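Down below is the structure, laid out as structure tokens.
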Amino acid sequence: MRLFVAVNPPEPAVAELASAVHDLRALPGAERLRWAERPGWHFTLAFLGEVDEALLPELTERLGRAAHRHPAHALRLAGGGRFGDRVLWVGAEGEVETLRGLARSVIAGARRAGVVVDGTHSFHPHLTLARSGGGRVSLRPYVAALVDFRGREWRAEHLELVRSRLPGGGVPGERPRYETIAAWELGR
């Protein structure tokens, strides 16, 4: 199973971001970007990759413990950035250190459950909006357009273990499908 662990913003925050993204999609070159769809907007705390189903009981137990140790916390979608000219993202403000601590606990718990987790990148809270396609598109104008974006404050209250089903039909533009396997309330 291809899995990741995430925190999802609530619908009102997603709706605000959708309005900003609508404007971004009108910028020159936007048609050459692969835009993430609203159902895929989340903060990935840990990408676990292919995980043997036999590890799920231990993994879910440890993720539940991680969720219990970290309180619900206030966040807002804010600003924007890029990873080179490959990925355009919106960032987070608020109790980001709590989110970082949760990500560290998630990674540690996954490793203790026997899941191999890539530890080469430190956690940088972001929600991916678009990826560059085959042609190079400068993401600088998109980041500039997001610099003043500040969404409403919301509470991160749940941790989710999500299965990602990659498209297999070979249909251009087809996106992964996400299915929540387990969820836990933070701080409980």
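Note that this is a predicted model, so its numbers are computed, not measured.
At least one side-chain heavy atom of Leu45 sits less than 4.5 Å from a side-chain heavy atom of Leu159. With contacts defined as side-chain heavy-atom distances shorter than 4.5 Å, the pair Val5/Ile107 does not qualify. No side-chain heavy atom of Leu139 sits less than 4.5 Å from a side-chain heavy atom of Phe83. Glu185 has its side chain within reach of His158: a pair of non-hydrogen atoms, C-beta onward, lies under 4.5 Å apart. The closest side-chain heavy-atom distance from Trp154 to Leu77 is below 4.5 Å. Within the 4.5 Å cutoff, the side chain of Leu88 has heavy atoms near those of the Leu24 side chain.
Of all heavy-atom pairs spanning Leu48 and Ala110, the tightest one is CD2-CB, 3.8 Å. Considering every non-hydrogen atom in both Ser105 and His70, the closest pair reads OG-NE2, 2.6 Å. In terms of heavy atoms, Ala15 sits closest to Arg38 at CA-NH2, 3.8 Å. Considering all non-hydrogen atoms of both residues, Pro57 and Ala54 come closest at CD-O, 3.5 Å. What you find for Asp85 and Arg140 is that their closest heavy atoms are OD1-N, 4.5 Å. Nearest heavy-atom pair across Pro71 and His73 is O-ND1, 2.9 Å.
Under a hydrophobic-cluster definition in which Ile, Leu, Val, Met, Phe, Trp and Tyr are linked whenever side-chain heavy atoms come within less than 4.5 Å, directly or via other members, Val106 and Phe43 are assigned to the same cluster. Taking hydrophobic clusters as Ile, Leu, Val, Met, Phe, Trp and Tyr residues chained together by side-chain heavy-atom distances below 4.5 Å, Phe123 does not share a cluster with Phe47. Cluster membership check: Tyr178 does not share its hydrophobic cluster with Val87, using side-chain heavy-atom separations under 4.5 Å among Ile, Leu, Val, Met, Phe, Trp and Tyr. In the hydrophobic cluster analysis, where Ile, Leu, Val, Met, Phe, Trp and Tyr join through side-chain heavy atoms closer than 4.5 angstrom, Leu99 is grouped together with Leu17. Note on Leu55 and Val116: separate hydrophobic clusters, where clusters join Ile, Leu, Val, Met, Phe, Trp and Tyr whose side-chain heavy atoms are under 4.5 Å apart, directly or indirectly.
The number of heavy-atom neighbours closer than 6.0 Å to CZ of Arg150, taken from other residues, nucleotides and ligands shown, is above 12. At most 12 non-hydrogen atoms from other residues, nucleotides or ligands lie less than 6.0 angstrom from CZ of Arg177. Enclosure of atom CD in Glu53 is not indicated, since only 12 or fewer non-hydrogen atoms of other residues, nucleotides or ligands lie within 6.0 angstrom. Within a 6.0 Å sphere centred on CZ of Arg131, other residues, nucleotides and ligands contribute 12 heavy atoms or fewer. Dense packing is recorded around CG of Asp52, with more than 12 heavy atoms of other residues, nucleotides or ligands lying under 6.0 Å away.
A donor-acceptor contact shorter than 3.5 Å is absent between the side chain of Glu157 and the backbone of Ala72. Tyr142 places a side-chain N or O within 3.5 Å of a backbone atom of Ala30 that can act as its donor or acceptor partner. At least one donor-acceptor pair under 3.5 Å links the side chain of His68 to the backbone N or O of Arg188. At least one donor-acceptor pair under 3.5 Å links the side chain of Arg111 to the backbone N or O of Val117. Side-chain N or O atoms of Thr180 include none that pairs as donor or acceptor with a backbone N or O of Glu160 at under 3.5 Å.
We find the CH2-CG distance between Trp184 and Leu161 to be 5.0 Å, quoted to the nearest 0.5 Å. Distance check, rounded to the nearest 0.5 Å: CD of Glu97 to CZ of Arg104 gives 6.5 Å. To the nearest 0.5 Å, the span separating CE on Met1 from CZ on Arg165 amounts to 7.0 Å. The CD1 atom of Ile181 lies 6.0 Å from the CG atom of Leu56; values are rounded to the nearest 0.5 Å. Between the CD atom in Glu93 and the CG atom in Leu75 there is a gap of 10.0 Å [rounded to 0.5 Å]. With rounding to the nearest 0.5 Å, the separation of CG in Leu63 from CD in Glu58 is 10.0 Å.
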Mind running side-chain contact (heavy atoms from CB on, under 4.5 Å) on Val115 and Leu3 for me, showing each step along the way?
CA-CA 10 Å; Val115 178; Leu3 302 175; over 6 Å; no

Worksheet item: How far apart are the C-alpha atoms of Leu33 and Leu129, what are their side-chain angles, what is the distance that settles it, and do they pass the side-chain contact (heavy atoms from CB on, under 4.5 Å) test?
Response: CA-CA 10 Å; Leu33 297 174; Leu129 298 175; over 6 Å; no

Query - Trp41/Val21 under side-chain contact (heavy atoms from CB on, under 4.5 Å): CA gap, chis, key distance, verdict - result: CA-CA 12 Å; Trp41 287 353; Val21 169; 3.9 Å; yes

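Sorted by first and then second residue, the side chain to side chain donor-acceptor pair (under 3.5 Å) pairs with a member in residues 16-28 read Glu16-Arg152; sequence neighbours excluded.
Residues satisfying the side-chain hydrogen bond (donor to acceptor under 3.5 Å, both in side chains) criterion with Glu61, sequence neighbours excluded, are Arg65.
Residues His42 and Thr44 have side chains that bring a donor and an acceptor to within less than 3.5 angstrom of each other.
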